[in-house]
There are 2 protein chains.
Amino acid sequence: MEINRTSRLPLYQQIYEILRGQLIRGKWAPGESFPTEFELIREFQVSRVTIRQVMDRLASDGFIYRQRGRGTFVAEPTLEEGLTRIISFTEDMRRRGLAAGTKVLVSTILPATDDVAIALRIKPGEEVVYLKRLRSANNEPMCIEESHLNHRLCPGILDHDFSIQPLREILESKFRIRISRALQKIHAVVSDEEMNQMLKTPNPSALLFIERTSFNDYDTPVEFLRLFFRGDRYSLYNELKD
Amino acid sequence: MEINRTSRLPLYQQIYEILRGQLIRGKWAPGESFPTEFELIREFQVSRVTIRQVMDRLASDGFIYRQRGRGTFVAEPTLEEGLTRIISFTEDMRRRGLAAGTKVLVSTILPATDDVAIALRIKPGEEVVYLKRLRSANNEPMCIEESHLNHRLCPGILDHDFSIQPLREILESKFRIRISRALQKIHAVVSDEEMNQMLKTPNPSALLFIERTSFNDYDTPVEFLRLFFRGDRYSLYNELKD
DNA sequence: TAGTGGTCTAGACCACAAA
DNA sequence: TTGTGGTCTAGACCACTAA
């Protein structure tokens, strides 16, 4: 874990990426002491302001919290992160104390419909990878997920087994596509017959319906996602300020 | 707008509050130039680092955005703010281009039920102000709002007219209670007969259901709120990072 | 008392945009 | 060329916690 002083990437960003990666990979347990400012100053040989810039960001991201006079500590994972960071379904369920499962229902290539084309900023009729999965938690159905990928950006992706390897991992390792941000819309809808069958919900049921467009580093839409969560089992949590 | 150098409140926080207040009150129009760093340095007579600390926060709050070489500008109001800041129903509707209306359905004092008591951290049976309102947008029903206030914190609040003056304003001016943060849970539920009548929705309909507990500066729960939004008319928006 | 995080300063050099 | 925001430095003093 070295920083590059000749890189055009600012020092604080390099250090941020390093520490953030270590936090996500679980280098420290929640509640454990995080290195002090002066330890990080020694380790990376930068000024205190630069280290504090990094720690301010890690704190506002919710990864660490600081206590004057005591030190800095690693924060517990929160459910709120599902509304601020892009985390996988598996990770989301783990935080809720549930074991995630996946069943691929459909995986094929289709011409883009008008709404999908608009979301992906492509022409209607262009090739879209359509992936429909049933997501479960503790072996009970939890969510229907319909993914639409711009096939031009990930040709041949259908050869992979989506029930084993996470989609984002495939995009990153095989196609060098990193999802850096996403915009989403959250609604409530009534389930239809087909959904009730798949989700084992009574008729009628309410579903938490999320439409999400994910973008790569160059702000090109990569994926358009529709998520239908069981309203009786899944809620979102967050904090409002001021 | 002066800062107090002998106050225990840090300079950057004082300046932040001043500028934030001016931004919220609309001192500058969206898109308009915000004062440059050096103008603010001159105005408040503090160092550049301090001003940047303020502007970093205003930027991450979404109030301003900066462009290297060009300057700093006032951001457009976004719908996302409804998921990060505590904004009033009226303000939320305004951002959606709708005119808000309010009809008070019930306003009374009740003993706290178990769930409300837990949320407000009081004993079951203690006095709670119960306020039920029908919120409308462009004269169409949009939301049923059930508010539960800890009556001990705002005795006599029922004398006010909630259809005219915003609840938060009454709390602030009459009882010196400032809501500084809130925790909420977002679900989807199916409407019942009574709700369908009030909201003029068909049976069955899906509602976006939000439960929110609001806290004052001392982290005491002040209000427990249940919001039932029409699923066909109301959605939440937000951005996910990385 | 020693160590931690919180605040603040003056000053430097850089990249970028506009005139 | 000028002015803007972006990054980085060394150093200072303070408030709080724990030993």
Side-chain angles (χ1 to χ4, degrees), chain A residues 2-20 23 28 31-75 217-219, chain B residues 2-20 23 28 30-75 217-219 241:
Chain A
E2 289 283 326
I3 57 174
N4 177 0
R5 288 193 171 263
T6 61
S7 163
R8 50 261 156 280
L9 226 63
L11 297 178
Y12 80 89
Q13 226 171 86
Q14 296 183 44
I15 298 171
Y16 173 82
E17 291 298 339
I18 291 171
L19 294 176
R20 185 174 174 285
L23 283 160
W28 301 278
E32 201 177 331
S33 272
F34 191 76
T36 69
E37 299 181 350
F38 295 97
E39 283 169 355
L40 293 173
I41 289 169
R42 272 198 300 282
E43 178 175 352
F44 293 106
Q45 296 291 313
V46 296
S47 76
R48 181 154 176 233
V49 178
T50 303
I51 287 297
R52 281 188 62 81
Q53 194 173 2
V54 172
M55 294 179 79
D56 283 350
R57 194 157 157 207
L58 290 172
S60 92
D61 286 351
F63 287 117
I64 60 175
Y65 59 93
R66 298 188 272 189
Q67 290 183 8
R68 186 195 293 224
R70 300 216 328 124
T72 301
F73 304 90
V74 177
D217 289 325
Y218 312 103
D219 239 30
Chain B
E2 287 283 324
I3 58 175
N4 177 1
R5 288 193 171 260
T6 62
S7 162
R8 52 258 155 281
L9 226 63
L11 298 179
Y12 80 89
Q13 226 171 87
Q14 296 183 43
I15 298 171
Y16 172 83
E17 291 298 339
I18 291 171
L19 294 177
R20 184 174 175 287
L23 282 160
W28 302 278
E32 201 177 331
S33 272
F34 192 75
T36 68
E37 298 181 350
F38 295 96
E39 282 169 356
L40 293 172
I41 289 168
R42 273 197 300 279
E43 179 175 350
F44 293 107
Q45 296 290 313
V46 296
S47 75
R48 181 153 177 232
V49 178
T50 303
I51 288 297
R52 280 189 62 82
Q53 195 173 0
V54 172
M55 295 179 78
D56 283 351
R57 197 159 154 206
L58 290 173
S60 92
D61 288 350
F63 288 117
I64 60 175
Y65 58 93
R66 298 189 270 190
Q67 292 184 6
R68 185 193 294 222
R70 301 216 325 125
T72 301
F73 304 90
V74 177
D217 290 325
Y218 311 103
D219 238 30
K241 301 265 182 183

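Every value quoted in this text rests on a predicted model; they were computed, and no experiment measured them. Lettering follows sequence order; numbering is per chain, from 1.
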- Kindly say whether A:F63 contributes a backbone atom to a donor-acceptor pair with the side chain of A:D61 at under 3.5 angstrom? no

- Message: Expressed as a whole number of angstroms, how long is the span from A:Q45:CD to D:dA10:P?
- Response: 10 Å

- Does B:Y12 make a side-chain N or O approach to OP1 or OP2 of C:dT7 shorter than 4.0 Å? yes

- Give, for atom CD1 of B:I64 and atom CZ of B:F73, the distance between the pair rounded to the nearest 0.5 Å. 11.0 Å

List every contact pair, protein side and nucleotides 15-19 of chain C side both N or O, where the distance is under 3.5 Å.
unit_1, atom_1, unit_2, atom_2, d
C:dA15, O4', B:R68, NH1, 2.6
C:dA18, OP1, B:R70, NH1, 3.2

- Query: Which listed nucleotide (C:dT9, D:dT9, C:dG5) is nearest to the side chain of A:T72?
  - Reply: C:dG5

- In whole angstrom, give the distance that lies between atom CG of B:L9 and atom C1' of D:dC14. 15 Å

- Item | side-chain contact (heavy atoms from CB on, under 4.5 Å) between A:I3 and A:I15, worked out | CA-CA 7 Å; A:I3 57 174; A:I15 298 171; 3.8 Å; yes

- Message: Do B:V54 and B:V46 have side chains that approach each other closer than 4.5 Å (heavy atoms only, starting at C-beta)?
- Response: no

- Query: Out of curiosity, B:Q14 CD to B:R5 CZ, how far, rounded to the nearest 0.5 Å?
  - Reply: 9.0 Å

- Query: Is there a donor in the side chain of B:D56 and an acceptor in the side chain of B:Y12, or the other way round, less than 3.5 Å apart?
  - Reply: no

- Between CD of A:Q53 and CZ of A:R57, what distance do you get to the nearest 0.5 Å? 9.0 Å

- Are B:E37 and B:R66 side-chain neighbours, meaning at least one heavy-atom pair lies under 4.5 Å? yes

- Query: Given atom CZ of A:R8 and atom C1' of D:dC8, what is their separation to the nearest angstrom?
  - Reply: 18 Å

- Message: Rounded to whole Å, please give me the gap between OH in A:Y65 and P in C:dG6.
- Response: 13 Å

- Rounded distance (nearest 0.5 Å) linking atom CD of A:E39 with atom CZ of A:F34: 10.0 Å

- Query: Within the structure shown, what part of the strands sits under 4.0 Å from B:R5 by heavy-atom distance: base, sugar-phosphate, or nothing?
  - Reply: sugar-phosphate

- Kindly state which residues belonging to residues 35-44 of chain A come within less than 4.0 angstrom of DNA chain D, counting heavy atoms of the residue only, listed by number. none

- Message: Rounded to the nearest 0.5 Å, what separates atom CH2 in A:W28 from atom OG1 in A:T72?
- Response: 11.0 Å

- Task: Nearest whole angstrom, please: distance from the P of C:dC14 to the CG of A:L11.
- Result: 14 Å

- Message: Tell me which residues in residues 47-61 of chain A lie within less than 4.0 Å of DNA chain C, going by non-hydrogen atoms.
- Response: A:R48, A:R52

- How far does OG1 of A:T50 sit from CZ of A:R52, to the nearest 0.5 angstrom? 12.0 Å

